[in-house]
*Asks:* 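My questions will all concern the structure given below.
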Protein chains: 2
Amino acid sequence: MPGRKQTVSGLRIADVAKMANVAPITVSRVLNQPEQVKESTRNRVLKVIEETGFVPNQNAGALASNRSRLVAVLVPMLTNPLFSDTFQAIAEQLAANGYQVLLGISGYEAKQEQELLDVILSRRPDGIILTGTVHTEPSRKRLRATGVPVVETWDVSDSPIDMLVGFSHEEVGRRVAHHLFGQGYRHFALLSVDDPRGKVRAQAFLETLQSHGITDVVHHSFTELPALEQGREGLTRILETDSAPRVVVCTSDTLAHGVLTEAASRHLKVPEQVSVFGFGDMSFAAHTFPPLSTVRIDGKRLGQLAAAALLRRLKNGDHDIVNDDIGFTLIDRHSTRVQTP
Amino acid sequence: MPGRKQTVSGLRIADVAKMANVAPITVSRVLNQPEQVKESTRNRVLKVIEETGFVPNQNAGALASNRSRLVAVLVPMLTNPLFSDTFQAIAEQLAANGYQVLLGISGYEAKQEQELLDVILSRRPDGIILTGTVHTEPSRKRLRATGVPVVETWDVSDSPIDMLVGFSHEEVGRRVAHHLFGQGYRHFALLSVDDPRGKVRAQAFLETLQSHGITDVVHHSFTELPALEQGREGLTRILETDSAPRVVVCTSDTLAHGVLTEAASRHLKVPEQVSVFGFGDMSFAAHTFPPLSTVRIDGKRLGQLAAAALLRRLKNGDHDIVNDDIGFTLIDRHSTRVQTP
DNA sequence: ATGAAAGCGCTAACAT
DNA sequence: ATGTTAGCGCTTTCAT
């Protein structure tokens, strides 16, 4: 006999149906379209479900209905707090709408993501939310071919796979450069971690400074995930190179926090002796000493919009083109000075 | 006609089988037990799979085989960085062994977890990893009844549901109290967030101090998630109450970091004027200014052990009793002083 | 408003 | 080493 009983309560829909004196399909309707069932019948069925602790098998449901109620969410890394607000918001929204989250850790390499994708697709998710817009060509092709609704996040793209909610990292780099130049800063240092989007920000930042004639930017790049430690080490290295007053721009608030810490430990005055600019406006940024000037990204909102776009597609079947640039804001706190030096 | 085609590539196993001149079951074997298929046959099938981009439907597979290859991981909150190392380690281990992670956000209330559980069980996961050992009685019953392998984490228990990998929060509270008392501290303040396990640590800490005759502990509890902001506010409040030199014990490194920050902003010398003790040994703890004395929890190892215990059960079907206390270590850095005052 | 029959795509069990 | 058959538990379609 192929297959074996696979129930939580020892019951299948058919068993519940018998106990409630209805056909299996009626139980199914009570579970999925309760309004289609007469109240008295519905209550009878619900009572049996309640009493027996019956839990339906969604794998069977997915197979029969071609709807898995699963949404795959791919993030590069769980330990990077930058994404956690977004991820949390996505997961909450989806759960509230009856979808479950299938997690994929894609790393920061498009190739790794590609391999993950087949594993993910084998669950037939009803939707996929990706971090970033850098994917291999096979990945893009496959996703387009399957027709699964896809939302790319945390970046912009000229040719999104499907829907997109993000912001421009190039623009971030440019705006930060202009902003600080406009405030009178002329001596810059850059601390970056080499994730794909951080690289774009760093690159755009450097190019914009070049256009202002500034080419002597001290630049240190780290291969590890952003951490306080790298920020401290970064400032140390910068000071070895050049002790002139300058502003240290970081591709992550965590790095910037490290710079502030190292400055404090050296009794350097911020922003007078060193200024610091971050990225992310993570929860701590407003509360460092001194409070950190940074680029505010509303990660929670990003997540909510991404989930909402997907849910609209899933629920209403509409086919709106979604390409939201949620933008960002430059926030001047006290780790930089507004006056011209 | 019930059901509709649900494929990624437009193909089912049956189609691949025809193209490779084998029976469907042979394709299935190539996918699941490749060593059972003769190399030449296997290569022929793999070639067809490769060329067509066939991706099997795991929902169907799960239904037929009664193995979903899904492991549900329930965490209270994605935005609490304390768990992210553990979660990341779990997800990596599982992925490396062919399991996918179904995410559940359980919040800090057992009741909320209970509701989530039915949704999770409807996917028939092959295993479940829970955070904490506080669950409702219906939850425990249901989990035991289904027989799904369960690993509880991040705590200890006299009556685990099944397997367990954690450490004692009571013991943490006690040890921290003894430790600081032993170093000569007599004036204590406590900053806590009211998550269930933090409460236990705080409680045990206070009771132990009482047993040493210390009852005048200034205690502030926050309802929000631990954040730098609360730590700063906490120290501010403590100083309003009492400006005598003391040690501030925090149920989270994040809180402790906030205390250090507030101290720096007030030009208070740490540890001379205020000492600080944290919990977690999160990545930044060794790099704050001054470096933070704290309780080291090896969250990554915890995750690896939890995943490994589950995988042993899933792969070998063994039924070892797993009840690992991974312990913790008190680390004296420079935010406390070792000398008697 | 409810039901009967068929089938979703895959694999367990039993052949050969 | 490979194939045949039946069925996993559910929902679609069509009927009443």
Side-chain angles (χ1 to χ4, degrees), chain A residues 1-45 49 52 54-70 121-124 126 146, chain B residues 1-45 49 52 54-70 121-124 126 146:
Chain A
M1 196 198 304
R4 307 166 72 194
K5 270 224 178 163
Q6 43 182 304
T7 62
V8 167
S9 51
L11 299 175
R12 295 155 302 172
I13 270 197
D15 302 312
V16 174
K18 263 179 209 153
M19 298 169 88
N21 272 309
V22 291
I25 185 63
T26 300
V27 177
S28 171
R29 288 194 182 109
V30 167
L31 258 18
N32 298 307
Q33 302 123 13
E35 70 288 348
Q36 285 188 24
V37 180
K38 195 170 45 168
E39 193 179 339
S40 60
T41 316
R42 187 169 61 220
N43 288 338
R44 192 151 34 97
V45 172
I49 291 176
T52 56
F54 167 72
V55 177
N57 183 331
Q58 290 251 49
N59 295 133
L63 184 59
S65 68
N66 197 18
R67 293 188 55 210
S68 65
R69 291 165 181 283
L70 241 32
L121 286 173
S122 71
R123 293 293 162 184
R124 303 295 186 266
D126 292 338
T146 61
Chain B
M1 198 198 303
R4 307 165 72 195
K5 270 226 179 159
Q6 44 182 303
T7 60
V8 166
S9 50
L11 299 175
R12 295 154 302 172
I13 270 196
D15 302 314
V16 173
K18 264 179 207 151
M19 297 169 88
N21 273 310
V22 292
I25 187 67
T26 302
V27 178
S28 171
R29 287 194 183 111
V30 168
L31 258 18
N32 299 307
Q33 302 124 13
E35 70 288 348
Q36 286 189 23
V37 180
K38 192 169 47 168
E39 193 179 340
S40 59
T41 317
R42 188 169 61 219
N43 289 337
R44 192 152 33 100
V45 171
I49 291 177
T52 57
F54 168 72
V55 177
N57 184 331
Q58 290 250 48
N59 295 131
L63 183 59
S65 69
N66 198 17
R67 293 186 57 207
S68 65
R69 291 164 181 282
L70 240 33
L121 286 173
S122 72
R123 293 292 161 183
R124 304 295 186 266
D126 292 338
T146 62

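Below, chain A is the first sequence line, B the second, and so on; all start at residue 1. Here the structure is a predicted model, which is why all the values come from computation and not from measurement.
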*Asks:* Which residues satisfy the side chain to side chain contact (heavy atoms under 4.5 Å, CB included) test with A:Thr41, sequence neighbours excluded?
*Replies:* A:Val22, A:Thr26, A:Val37, A:Lys38, A:Arg44
*Asks:* Restricting to side-chain hydrogen bond (donor to acceptor under 3.5 Å, both in side chains), what partner residues turn up for B:Ser68, sequence neighbours left out?
*Replies:* B:Asp126
*Asks:* Which of the following nucleotides, D:dC10, D:dG9, C:dA13, is nearest to the side chain of B:Ile25?
*Replies:*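 Nucleotide nearest to B:Ile25's side chain: C:dA13.
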*Asks:* Examine D:dT2: is either OP1 or OP2 under 4.0 Å from a nitrogen or oxygen in the side chain of B:Thr41? Give yes or no.
*Replies:* yes
*Asks:* Kindly say if A:Thr26 contacts the phosphate of C:dT2, meaning a side-chain N or O under 4.0 Å from OP1 or OP2.
*Replies:*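 For C:dT2, OP1/OP2 do not have a side-chain N/O of A:Thr26 under 4.0 Å.
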*Asks:* Would you please confirm or rule out a distance under 4.0 Å between OP1 or OP2 of D:dC10 and any side-chain N or O of A:Ser28?
*Replies:*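 False: A:Ser28 side-chain N/O out of range (4.0 Å or more) of D:dC10 OP1/OP2.
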*Asks:* Return the nearest nucleotide to the side chain of B:Ala64; candidates are D:dG3, D:dA1, D:dG7.
*Replies:* D:dG7
*Asks:* At 10 degrees resolution, what angle do the end axes of the helix from C:dA1-D:dT16 to C:dT16-D:dA1 form when each is taken over five base pairs?
*Replies:* 20°
*Asks:* For the OG1 atom of A:Thr52 and the CG atom of A:Leu11, what is their distance to the nearest 0.5 Å?
*Replies:*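 So the gap between those two atoms works out to 5.0 Å.
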*Asks:* Answer yes or no: side-chain N or O of A:Arg124 and base N or O of C:dG9 forming a donor-acceptor pair under 3.5 Å.
*Replies:* no
*Asks:* Between C:dG7, C:dA1, C:dT11, which nucleotide has the shortest distance from any of its atoms to the side chain of B:Asn32?
*Replies:* C:dT11
*Asks:* Tell me every residue that passes side chain to side chain contact (heavy atoms under 4.5 Å, CB included) with A:Glu35, counting only those two or more places apart in sequence or in another chain.
*Replies:*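 A:Glu35 satisfies side chain to side chain contact (heavy atoms under 4.5 Å, CB included) with A:Gln33 once adjacent residues are dropped.
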*Asks:* Please check if the side chain of A:Asp15 supplies one atom and the backbone of A:Arg12 the other of a donor-acceptor pair under 3.5 Å.
*Replies:*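 Side chain of A:Asp15 to backbone of A:Arg12: a pair is present.
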*Asks:* Heavy atoms only, 4.0 Å cut-off, all strands: where does B:Ala60 land among base, sugar-phosphate and nothing?
*Replies:* base
